[in-house]
Amino acid sequence: MRTKHKLNAVIFIPTFSIIFIAALIGIFNNEALVSVAKSVFYFSLSDFSWLYQLGTVSALIIVGFVFFSPIGKIRLGGADAKPNFSFASNFAIALSGGIATGVVTYSVNEPIILLGNIYGEIAQQGFDPVSAEAAIFAIARTYHNWGFIPYATYSIVGLMIAYMHYNRKEKFSIASTLVPLFGQKVYHPASVVAINIFSVLGVALGLAASLGAGLALISSGIESYYGVPANPITWLVLTLVIATAFILSAVSGLKRGIRILSSFNAYIFYLFLFILLVVGPLGYILSLSTTSLGYWLNNILLWSFDTKEHGGEALVTWWTMYDWSIWIAYAPLMGLFLARISYGRTIKEFLIINWILPAVFSMVWFAVWGASAIKWQLDGTLDLIQIITDNGAVAGLWAFLQNLPFAFILIPLAIFTLIISFSTAADSMTSTIATICTKDINADEEAPTYLKIVWGVSIGAIAYVMVAFGGGSQGVDGIKYLASAGGSMVVILFILILISAFKLFIYNKDTIMPEALSKPSQKKEP
């Protein structure tokens, strides 16, 4: 339902002002904006990579413990609570709201970049590029970057917000996640404002970076297949189209626009997987993905704690740490969003929907797309390495699709999928940002329409500025710098949430065990 609550000016004004000023600087002096973002990138992801690694691994351990413990039986909202969405819709919303354009953008590009050592990613691995071991490593590393570890970052924050709000009757806010650690003192106005400002800035910058990456990818596809040049005019038109789509969806509310768009998007993902399994090298996909799974499991400890001393900056800082910064930047607001759709689920169901299934889907996705691309690279069907080397880090997808049967259908469908993929993620985040900027709002209420529009336009503007003027060696360097800035603003808050979750679910687990044993009331029929 629509809320009539008022604007929370102490959160909206500073966050919106910072984003607005950043956009202006980008327009009039983009070199200054890129320079600042680059400094943040190296400071946070290089000097503090140990903190990112320890944080993400801790999230994995905590959600794993909760999932396999009796705590998983606890129902969010109490023993009699009923879910608001079907299991399939719940998963579609969680999947589409969380991955944005990432899995499409890098489905082909990331495995091929790793295989070919295009930017020096495997220089310290001890095997040659474009070798059998490089192929195994490429798929295994995408499992690591897109699987159970990153989805644990979303899940732990979402679980904390949902449990504290629905079961402990705390406020529907990010601050509620810190109540087990600091008590009610965390609701001091200054604390709440600081937490919300950093959370909004983190996700706004991360979302703008994701949109920027999507713009770069879509425009490169339009240029390669339709001959329309990728330039500021093209990017502006695409920005307007995508921003309009996700703003309209956000304005329509969670149970209409976001649910419908997410379900539609999920079915497109399933369709692409089916097509590639039919026309792709199925035997090689199954063989390479299985071997890569073993390679990943054999190296998961080293990769989870490597701060670049083993893998090097090109691999760890520019890929894994960059990925972690994006996930952490999104985590607080994504947690609010996941909590909104989790009422009535048991904690175990919550983790299946938001942790297990999305991670498995992402690993299957990269196995199918990545193995197909690697096979064609190795057997000489298509030189994707040269295409990416010549045209930038996001160029391989379109050449790959042009090599498939019915490319004239699949390429427009891929462009449409990218637009829908970003829209489903952006509408959820835009709605959540607007929620934070609204006073005294509950989980079942919608934020004011004008706030959703203001934030949608602002995010679109900063994304356009960065993609139009902040390229670099990979073509998306400025976007990566911006994303890392978002993550660096949230990482300390994320660590505090992890400590709070550890205290609640592990250290003091006996205090919540009675809930795990409670059963729904048995009401007799009249």
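A heavy-atom distance below 4.5 Å is not found between the side chains of Leu276 and Ile285. In this structure the side chain of Thr56 never reaches within 4.5 angstrom of the side chain of Tyr52, judged on heavy atoms. The side-chain heavy atoms of Leu178 and Leu493, taken from C-beta on, include a pair separated by under 4.5 Å. At a threshold of 4.5 Å between non-hydrogen side-chain atoms, the residues Leu115 and Ile112 count as touching. Annotation: side chain of Phe148 is in contact with side chain of Val360 (closest heavy-atom distance under 4.5 Å). Between Phe494 and Pro332, the closest side-chain pair of non-hydrogen atoms is not below 4.5 Å. Side-chain contact between Leu273 and Phe361 is present, with heavy atoms from C-beta onward closer than 4.5 Å. Pro281 places a side-chain heavy atom less than 4.5 Å from the side chain of Ser372.
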Could you go through the side chain to side chain contact (heavy atoms under 4.5 Å, CB included) check for Trp376 and Leu384 one step at a time?
CA-CA 8 Å; Trp376 291 337; Leu384 290 165; 5.6 Å; no
Passes ring pair (Phe, Tyr, Trp, His ring centres under 6.0 Å), Phe350 versus Tyr163? Steps please.
CA-CA 11 Å; Phe350 175 92; Tyr163 178 77; over 10 Å; no
Verify side chain to side chain contact (heavy atoms under 4.5 Å, CB included) between Ile353 and Arg345, making sure each step is shown before the conclusion.
CA-CA 10 Å; Ile353 291 169; Arg345 296 289 176 192; 3.8 Å; yes
Residues Tyr151, Leu351; criterion side chain to side chain contact (heavy atoms under 4.5 Å, CB included); working and verdict:
CA-CA 10 Å; Tyr151 277 104; Leu351 292 177; over 6 Å; no
Run the numbers on Trp146 and Glu110 for side-chain hydrogen bond (donor to acceptor under 3.5 Å, both in side chains), then give the verdict.
CA-CA 11 Å; Trp146 293 91; Glu110 186 168 337; 3.0 Å; yes
Taking it one step at a time, do Lys509 and Ser69 satisfy side-chain hydrogen bond (donor to acceptor under 3.5 Å, both in side chains)?
CA-CA 10 Å; Lys509 65 180 184 299; Ser69 76; over 6 Å; no
Check the pair Val104 / Trp365 against side chain to side chain contact (heavy atoms under 4.5 Å, CB included), numbers first and verdict last.
CA-CA 9 Å; Val104 182; Trp365 179 272; 4.2 Å; yes
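The minimum heavy-atom distance linking Gly311 with Val316 is given by the pair CA-CG2, 4.0 Å. Nearest heavy-atom pair, Thr177 versus Met160, reported as atom, atom and distance to 0.1 Å: O-CE, 3.2 Å. Val186 approaches Val179 most closely through the heavy-atom pair CG1-CG2, 3.8 Å. In this structure, Ser199 and Ile174 approach most closely via the heavy-atom pair OG-CD1, 3.4 Å. Of all the heavy atoms in Ser488 and Val491, the pair that sits closest is O-CG1, 3.7 Å. Here the closest heavy-atom approach between residue Ile122 and residue Pro129 is recorded as CD1-CA, 3.8 Å.
Not less than 6.0 angstrom separates the ring centroid of Trp50 from the ring centroid of Phe305. For Trp369 and Phe400, the ring centers are positioned less than 6.0 Å apart. In this structure, the ring of Trp319 has its center less than 6.0 angstrom from the ring center of Tyr106. With ring centers used as reference points, Trp327 lies under 6.0 Å from Tyr154. For Phe137 and Phe127, the ring centers are positioned less than 6.0 Å apart.
Here the side chain of Gln125 pairs no donor or acceptor atom with the backbone of Ala134 at under 3.5 angstrom. Between the Tyr143 side chain and the Ser289 main chain, a donor and an acceptor come within less than 3.5 Å of each other. Under a 3.5 Å cut-off, the side chain of Thr511 and the backbone N or O of Asn508 do form a donor-acceptor pair. Under a 3.5 Å cut-off, the side chain of Asn167 and the backbone N or O of Arg75 do form a donor-acceptor pair. Between the Thr317 side chain and the Ala314 main chain, no donor and acceptor come within less than 3.5 Å of each other. Looking only at distances, no side-chain donor or acceptor of Glu133 sits under 3.5 Å from a matching main-chain atom of Asp128. Of the possible polar contacts, none joining the Asp306 side chain to the Leu302 backbone as a donor-acceptor pair under 3.5 Å is found. Not one N or O on the side chain of Gln402 forms a donor-acceptor pair closer than 3.5 Å with the backbone of Ala399. In this structure, Asn354 contributes its side chain and Gly158 its backbone to no donor-acceptor pair below 3.5 Å. The backbone N or O of Ala152 sits nowhere less than 3.5 Å from a side-chain atom of Ser155 that would complete a donor-acceptor pair.
The environment of OH in Tyr42 is crowded: more than 12 heavy-atom neighbours from other residues, nucleotides or ligands sit within 6.0 Å. Atom OH of Tyr507 sits in a sparse spot, with 12 or fewer heavy atoms from other residues, nucleotides or ligands closer than 6.0 Å. More than 12 heavy atoms of other shown residues, nucleotides or ligands fall within 6.0 angstrom of atom CZ in Phe67. Within 6.0 Å of atom CZ in Phe87, more than 12 heavy atoms from other residues, nucleotides or ligands are found, so the atom counts as buried in its surroundings.
A side-chain hydrogen bond (donor to acceptor under 3.5 Å, both in side chains) with Thr320 is found for one member of His144, Arg141, Gln53 and no other, namely Arg141. For the side-chain contact (heavy atoms from CB on, under 4.5 Å) with Val279, the qualifying choice from Asn403, Leu404, Leu410 is Leu404, the only one to do so.
Taken from OH in Tyr166 to CD1 in Ile161, the straight-line distance is 10.0 Å, to the nearest 0.5 Å. A distance of 10.5 Å separates CD of Glu170 from NE2 of His165, quoted to the nearest 0.5 Å. The OG1 atom of Thr417 lies 7.0 Å from the CZ atom of Phe269; values are rounded to the nearest 0.5 Å. Remark: Asp379 CG to Lys375 NZ distance equals 5.0 Å, nearest 0.5 Å. A distance of 11.5 Å separates CD1 in Ile139 from OG1 in Thr290, rounded to the nearest 0.5 Å. Summarising the geometry, atom CD1 belonging to Ile347 is positioned 12.5 Å from atom CD1 belonging to Ile352; distances are rounded to the nearest 0.5 Å.
Ring orientation note: the planes of Phe48 and Phe43 are nearly perpendicular, at an angle over 60° on the 30°/60° scale.
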